[in-house]
Amino acid sequence: MKERDFIFIVIKCALFVIPIEGNYSGINLPEGHLKYYFNSFPAEAEKCRNDVACPYKNHLNTKACWGYEANCKPENSFSIPHCPGEHKGWVATKSAQLDTFYAQGDFGYVRDQRREMMILCEPLFVEDSSLECTEHMRFCRGRNIMINFTDLINRSEPIRYKMDVLKEGDIGGYCKLNKKRLEEQADHISPLQSWGPEIRNFRSLPRKPIVDGDCDVVIEKPTFIMKIDATVNIYHHFCDFLNLYASLHVNLSHPTAFNRDNHIMIWESYSYRSMFQETFAAFTSNPLWDLKTFRGETVCFKNVVFPLLPRMIFGLYYNTPLIYGCQKSGLFEAFGDHVMHHLGITLHERKDAKVRVTLLSRDTQYRRILNENELVKALKKNPNYRVKKSTNNNSTRREFNFQH
Ligand SMILES: *[C@@H]1O[C@H](CO)[C@@H](O)[C@H](O)[C@H]1NC(C)=O
Ligand SMILES: *[C@@H]1O[C@H](CO)[C@@H](O)[C@H](O)[C@H]1NC(C)=O
Ligand SMILES: *[C@@H]1O[C@H](CO)[C@@H](O)[C@H](O)[C@H]1NC(C)=O
């Protein structure tokens, strides 16, 4: 018996203990996000209104929107951009500055991704496959999609930041493919800039892969496939997490949008580990998969999402040319709320007035602070600071093939 079969049996057994009635455990969100959730899904709000046992009654009657919905008024939206700094030299007016910031670094960014969504492979009947992407294949989603991992079984070199994981026809579905559009949109061909390297290989299949039994494995739960940046570095790895969170909003269309009973597959053959790996608990309650999980097999995904990537051109937030003078992005605030909520991190008010300053000392060949000790010494002279220097000596470095 394979390990996966075993897990499947365990999951099946566990299902019997979940209570059926008055079950709101699927809605597991920060308190402050509930009113936005219920406004996004009026039918869920109605269900709660009609159920005496619903614990969310207080969150049903306030107008609220994230900011990317078509009818979202600024007074109801999660955030309003603040731009106390000058706009001159960047854009002509204050309001252009505010709009630019909202589109570059706030929920306006999600709004624009949602507007860009286009069909690349069109279903003719509900049980057909479908594939949709935003411009340049920065974000894609599909239904009843087959991915053929057969050839990975004989691949000897490990896979990371590779663009040849799939060859023509290794990904496909039973739907009407717009080949011209597929080729046009596959124009950001680089490992972490778009899904072009993978999705350009998408082909129409002659028959329905799930119905006709062409897959060794069928994945029922929503699956997020992630191409990740350097996991050793908090800045880079949180770029992955932020984009995953933003992608939940880009795809927001079903009440289960924030559910964590899903799968995440890391598009690498290295086993994933990171100092920051606990953060995945904010997005999934299941073990992570990678490219070893299904090598040698053909897999069908009923619901698959290819999230926004960490190094997109003008993406968030690596090398983002963010407009000057603005602050308080609601998207980043919501991301912070979401992660803190799921990791159970609560606020511990500090007991004394001293500001704690921790200098993270990098023990690498380059990018070292040469006068670190002098810096710490100078900081310690300030009676308002409590200063600590933190070093990490057993750092396990990932190879990092990008120049930046
Ligand atoms: C998967 O790929 C292998 C090797 O390229 C091929 O022989 C097989 O027919 C493919 N399976 C499907 C269902 O297309
Ligand atoms: C993998 O290699 C083995 C041994 O050389 C061979 O028999 C098999 O057909 C190969 N499989 C694929 C999918 O290429
Ligand atoms: C993504 O959006 C599609 C289309 O609206 C939906 O069918 C699917 O359930 C969504 N996936 C997730 C994981 O929410």
Side-chain angles (χ1 to χ4, degrees), residues 26-29 37 40-41 43-44 66 68-70 110 113-123 126-134 138-157 164-175 195 198 201-226 243-265 282-286 289 291 294-308 338:
I27 306 172
N28 181 355
L29 287 173
Y37 176 83
S40 300
F41 302 110
E44 295 301 299
W66 295 104
Y68 48 78
E69 303 88 336
V110 170
Q113 286 294 312
R114 290 169 69 96
R115 280 183 189 159
E116 284 176 17
M117 202 81 72
M118 63 187 108
I119 294 183
L120 297 185
C121 201
E122 190 184 359
V126 271
E127 72 273 22
D128 290 0
S129 310
S130 77
L131 177 71
E132 292 171 278
C133 295
T134 64
R138 289 178 170 133
F139 171 98
C140 297
R141 66 180 173 209
R143 257 192 308 121
N144 301 333
I145 300 296
M146 183 211 79
I147 303 184
N148 190 340
F149 296 112
T150 304
D151 286 346
L152 295 190
I153 197 88
N154 280 350
R155 223 166 134 145
S156 48
E157 89 284 16
D164 61 349
V165 178
L166 302 180
K167 62 175 176 10
E168 184 176 350
D170 276 349
I171 178 166
Y174 185 79
C175 43
W195 289 98
E198 292 74 32
N201 295 303
F202 193 98
R203 294 296 175 268
S204 271
L205 298 173
R207 45 193 221 152
K208 299 175 188 174
I210 298 178
V211 179
D212 294 321
D214 291 334
C215 300
D216 300 312
V217 187
V218 176
I219 309 301
E220 305 278 338
K221 291 177 188 172
T223 303
F224 294 84
I225 297 183
M226 287 181 77
N243 278 290
L244 182 56
Y245 182 71
S247 299
L248 298 182
H249 284 283
V250 172
N251 204 52
L252 196 92
S253 55
H254 192 270
T256 59
F258 297 105
N259 275 23
R260 292 176 307 145
D261 189 11
N262 53 21
H263 297 292
I264 293 179
M265 174 188 272
F283 300 97
T284 189
S285 53
N286 296 315
W289 288 342
L291 285 177
F294 299 111
R295 65 178 162 196
E297 293 179 300
T298 302
V299 184
C300 280
F301 297 91
K302 288 204 166 167
N303 179 357
V304 61
V305 175
F306 301 88
L308 296 166
H338 187 85

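Just follow the structure's listing: the first ligand is 1, and inside any ligand the first atom is 1.
- A distance-only check finds a donor-acceptor pair linking the side chain of N144 to the backbone of E127 [under 3.5 Å].
- Under the 30°/60° scheme for interplanar angles, the aromatic rings of Y68 and H249 are found to stand perpendicular.
- Listed for the D128 side chain is no donor-acceptor partner under 3.5 Å among the backbone atoms of C175.
- Side-chain contact between P307 and L244 is present, with at least one heavy-atom pair separated by less than 4.5 Å.
- Not one N or O of H254 is nearer than 3.5 Å to an N or O of ligand 3, by distance alone.
- Taking F139 as the reference, nothing meets the ring pair (Phe, Tyr, Trp, His ring centres under 6.0 Å) condition, with sequence neighbours excluded.
- For the pair N154 and ligand 2, the shortest N or O to N or O distance falls below 3.5 Å.
- With K221 as the partner, the side-chain hydrogen bond (donor to acceptor under 3.5 Å, both in side chains) test is satisfied by one option alone out of N262, T284, N303, D261: D261.
- In T256, neither the side chain nor the backbone holds a heavy atom less than 4.0 Å from any atom of ligand 3.
- Between the side chain of D212 and the backbone N or O of D214, no donor-acceptor pair lies under 3.5 Å.
- When non-hydrogen atoms are compared, ligand 3 lies under 4.0 Å from neither the backbone nor the side chain of R143.
- A donor-acceptor contact shorter than 3.5 Å is absent between the side chain of S129 and the backbone of I145.
- Set against the non-hydrogen atoms of F224, the atoms of ligand 3 under 4.0 Å away are 13 (C).
- The aromatic rings of F258 and W66 sit tilted, their planes meeting at an angle between 30° and 60°.
- In this structure, the protein non-hydrogen atom closest to atom 2 (O) of ligand 3 is N251 ND2, 2.6 Å.
- With respect to atom 13 (C) of ligand 3, the closest heavy atom belonging to the protein is P222 CB, 3.5 Å.
- For atom 5 (O) of ligand 1, the nearest non-hydrogen atom from the set E168, R207, M146, K167 belongs to K167.
- Looking only at protein heavy atoms, the nearest one to atom 6 (C) of ligand 3 is S253 OG, 3.8 Å.
- Of all protein heavy atoms, the one lying nearest to atom 14 (O) of ligand 1 is N148 ND2, 3.7 Å.
- Checking only distances, D170 never comes within under 3.5 Å of ligand 1, N or O to N or O.
- By the definition of a contact as any protein heavy atom under 4.0 Å away, atom 9 (O) of ligand 2 is not in contact.
- The protein heavy-atom contact nearest to atom 4 (C) of ligand 1 is D151 OD1, 3.5 Å.
- Less than 4.0 angstrom separates some heavy atom of D214 from each of these atoms of ligand 1: 13 (C).
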